[in-house]
Amino acid sequence: MFIFKQVEQCKQYLNHQKNLGRTISFVPTMGALHQGHMALIRYAKTISDITVCSIFVNPTQFNDPNDLVAYPNTPVEDRRMLIHESCDVLFAPDVSQVYLEGEAAYQLDVDLGSLTQVLEGEHRPGHFEGMMQVVNRLLEIVEPNYLIMGDKDYQQKTIVDAMIDALKLNVELKTVPIVREADGLARSSRNVRISQEHREIAPKIYEILSGLKEDLLSGSDILESMKKSKNQLKQLGFNVEYLELVDGKDLTTISDIQWVQSAVLLIAAWLGDVRLIDKLTVK
Ligand code: AMP
């Protein structure tokens with residue numbers, strides 16, 4: 001596996017590969033890699049010749065400075081996992097490489113309306129602006145044929161899809177389903193920060209979402225069912241930021257499941273000082 005820390009070196013190598021006619025898949029990550037990330041790498045390898053993984057903890061998308069400081073960092077293990085999956089390139093730049101001319105120079109002027117304002121956008125102001133900024137910048141560097149993202153960050157991938165459209169970027173977004181622990185907890189870099197006591201409760205998110213899905217599909221009242229699930233989570237010790245049933249395309253709240261083509265449940269909840277998110281497709 002080639003490891004590049006410099007933008008120019010990475011570009012040079014990839015340009016050479018492109019000149020040889022090779023296709024590129026790109027998997028952007030923030031490191032502390034786990035099997036969720038590896039599913040993205042494995043998928044990337046099935047659709048292109050060269051797989052590039054980036055590890056970059058982007059400061060501009062952290063609305064909470066404590067979250068940035070506490071973000072797990074496991075570079076040696078990350079490299080071992082990527083080599084094990086035969087990833088071709090690791091791009092691991094530092095902040096000054098990514099934002100060569102300062103962060104402000106890479107601010108994006110793209111308005112995606114309510115997509116960036118609701119759910120995560122409401123609770124993490126500035127997060128999506130920073131996320132779009134870094135994804136756009138990394139795409140500019142890597143210029144891949146395919147961009148691979150996880151369904152776990154459902155709003156993120158919906159926004160990136162809309163951003164690609166709005167900016168007319170020449171890349172195809174592909175999504176990979178959520179990888180879960182055996183007990184149902186969605187794998188996340190932040191899971192290592194869950195206390196032992198809370199680790200037993202954490203999978204209840206998936207259990208409760210699954211029960212809620214059944215209720216909704218059997219015709220139960222949406223508001224009542226959502227309220228019941230929120231109460232269950234609260235009683236277990238979760239601090240629920242949001243639990244919403246939304247249209248899978250535009251993320252608007254759904255009040256009648258019958259008339260929509262796709263419906264997804266999205267949740268963000270705190271367990272102690274760890275913020276967990278999850279997603280379940282209902283329809
Ligand atoms: P992160 O390092 O958390 O920024 O995630 C990098 C990419 O991996 C994003 O596209 C995530 O959606 C994806 N990802 C993270 N966890 C999972 C998971 N459990 N299953 C599938 N994809 C995931």
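Read the numbers this way: they start at 1 and go in the same order the structure lists the ligands and their atoms.
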Within less than 4.0 angstrom of ligand 1, does Ala32 place any heavy atom?
no

Does any N/O atom on Ala186 come nearer than 3.5 Å to any N/O atom on ligand 1?
no

Between Ala39 and ligand 1, which part of the residue brings a heavy atom under 4.0 Å of the ligand: side chain, backbone, both or neither?
neither

What part of Pro177 sits under 4.0 Å from ligand 1 if we count only heavy atoms: the side chain, the backbone, both or neither?
backbone

Need the ligand 1 atom indices (1-based, order shown) with element for anything under 4.0 Å from a heavy-atom of Asp153.
11 (C), 12 (O)

protein heavy-atom neighbour closest to atom 20 (N) of ligand 1 works out as Val179 N, 2.9 Å

Do the ring planes of Tyr13 and Phe2 sit parallel (below 30°), tilted (30 to 60°) or perpendicular (above 60°)?
tilted

Protein heavy-atom partner closest to atom 10 (O) of ligand 1 - residue, atom, separation in Å
Gly150 N, 2.9 Å

Which ligand 1 atoms does Met149 reach within 4.0 Å, using its non-hydrogen atoms?
10 (O)

Under 4.0 Å from a heavy atom of Arg187: which atoms of ligand 1 are those, numbered in the order shown and with their elements?
16 (N), 17 (C), 18 (C), 19 (N)

For Ile178, the atoms of ligand 1 under 4.0 Å from one of its heavy atoms are 20 (N), 21 (C)

For ligand 1, find out whether one of its N or O atoms is nearer than 3.5 Å to an N or O atom of Met30.
yes

Point-to-point distance, once rounded to the nearest 0.5 Å, from CD1 of Ile159 to CG of Leu115:
6.0 Å

Give me the residue, atom name and distance of the protein heavy atom closest to atom 3 (O) of ligand 1.
Tyr71 OH, 3.8 Å

So does Glu85 pair up with Lys45, basic N to acidic O under 4.0 Å?
no

Is it true that Glu172 and Lys174 have a side-chain N and a carboxylate O under 4.0 angstrom from each other?
yes

Before accepting this row, confirm whether a basic side-chain N of the pair Arg275/Glu120 lies closer than 4.0 Å to the acidic partner's carboxylate O.
yes

Please compare His37, Lys279, Gln35, His34 and report which has the shortest non-hydrogen distance to atom 16 (N) of ligand 1.
His34

Is any side-chain N of the basic residue among Asp64 and Arg124 closer than 4.0 Å to the acidic one's carboxylate O?
no

Any nitrogen or oxygen of Val176 lying under 3.5 Å from a nitrogen or oxygen in ligand 1? Just yes or no.
no

Among Thr29, Leu40, Val27, which residue places a heavy atom closest to atom 13 (C) of ligand 1?
Leu40

Which is it for Leu280 and Tyr206 under the side-chain contact (heavy atoms from CB on, under 4.5 Å) test, yes or no, and what are the steps along the way?
CA-CA 8 Å; Leu280 193 67; Tyr206 181 59; 3.8 Å; yes

Do the ring planes of Tyr99 and Phe56 sit parallel (below 30°), tilted (30 to 60°) or perpendicular (above 60°)?
perpendicular

Can you list the atoms of ligand 1 that are under 4.0 Å from a heavy atom of Pro28?
6 (C), 7 (C)

Taking side chain as C-beta onward, heavy atoms only, is Asp278 less than 4.5 Å from Leu209?
yes

When you measure from the side chain of Lys283 to the backbone N and O of Ile257, does any donor-acceptor pair fall under 3.5 Å?
yes

